[in-house]
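None of the values given here were measured: they were computed from a predicted structure.
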There are 2 protein chains.
Amino acid sequence: MLINELSKRTGITAHTIRFYEKSGLIKGKRDENVKSNNYFHYDEETVEKLELVRDAKSIGFTISEISQLMDAWYNNKMTVAEKLSVLDEKLLSIDERIKQLKGMKKMISQFKKDVIEDDC
Amino acid sequence: MLINELSKRTGITAHTIRFYEKSGLIKGKRDENVKSNNYFHYDEETVEKLELVRDAKSIGFTISEISQLMDAWYNNKMTVAEKLSVLDEKLLSIDERIKQLKGMKKMISQFKKDVIEDDC
DNA sequence: TACAACATTAGAGTATAGTCTATACTTGCT
DNA sequence: AGCAAGTATAGACTATACTCTAATGTTGTA
């Protein structure tokens, strides 16, 4: 599929997809049989990857972190041990974030109590 | 206290503190009795505020969100109802983030399983 | 064949959140 | 007095992650 279809399927603009391509998150292929143009072609895996990018970005992962994550997933140059190490590291960092968020919840709840009490 | 002490107590550089001041997160006071300089003086509340900024930033809150949160806390121009509304909104957004993080944990755990199975 | 829609590349522009430099004045210590 | 350390301000610079524009060429449809 070409970039326009990829854009429609993922809800990510062509501009941003090209930016991700430059950043190394995805890779389109050129069709060598076609000499008249330079169009990139994308496969289903790229759709999956962009969906992962969207999810990971929404929880605050940077492009560089997402890049590591996708390497652990799709890159066959990494050993199983290396992949598991990257994945475990991400799991730990997620747990850490959840912990911090819960801490902030507690603080805000306490603030709420204080605000209500001050009102009396 | 002056900016240098504030910096030492919070671990935030003077440059960044001045940036936060420009952004409206904190406010130093000038001593009107002293005419020879223009130095800002900060109180304990400012230390508290900067600690809150640090915590909130670490969980991905933007300066604008932190600003709202601090208004709900310290600004006496807001009604109790308005304050509670801001705090409740932040609590909801934190819950949403925790939900997304848990979703990502599930995905990564599944990836781990897949990586291990592929290895067999 | 005209022409709208689509594709590529380079590069400029935007927003957020700092970070650093330069300049100049003030304060504290010896 | 001299000098290091502290302070303020303006503005330049950096990094991340887009977002948009311009120029140019290609494809598909009426």
Shortest non-hydrogen separation from B:Ala72 to B:Lys83 and the atoms involved: O-CD, 2.9 Å
Minimum-distance pair of heavy atoms, taken over all atoms of B:Tyr42 and B:Ile26: CE2-CD1, 4.0 Å
Looking only at side-chain atoms of [X], point me to the closest of [options].
X	options	value
A:Phe19	C:dT27, D:dG6, D:dT19	D:dT19
A:Phe40	D:dA8, C:dT8, D:dC18	C:dT8
B:Asn37	D:dA8, C:dT27, C:dC6	C:dT27
A:Arg18	D:dT9, D:dT27, C:dA7	C:dA7
A:His15	C:dT9, D:dC20, D:dA17	D:dC20

Distance (rounded to the nearest 0.5 Å) between A:Lys105 NZ and A:Ile98 CD1: 11.5 Å
5′-ward residue of the pair B:Ser36/B:Thr62 relative to DNA chain C: B:Thr62
First encountered from the 5' end of DNA chain C, between B:Ser64 and B:Tyr39: B:Ser64
Distance, rounded to the nearest Å, where A:Asp31 contributes CG and D:dT27 contributes P: 11 Å
Salt-bridge criterion met for B:Lys77 and B:Asp71 (N-O under 4.0 Å): no
Can you tell me if the side-chain N/O atoms of [X] get under 4.0 Å from OP1 or OP2 in [N]?
X	N	result
B:Tyr20	C:dG18	yes
A:Asn38	C:dT8	no
A:Thr16	D:dT19	yes
B:Lys57	C:dG18	yes

NZ or CZ of A:Lys29 within 45° of A:Phe40 ring axis and under 6.0 Å: no
Touch class at under 4.0 angstrom, heavy-atom based, for A:Ser23 against every strand present: nothing
Toward the 5' end of DNA chain D, by each residue's nearest nucleotide, B:Arg30 or A:Phe61: B:Arg30
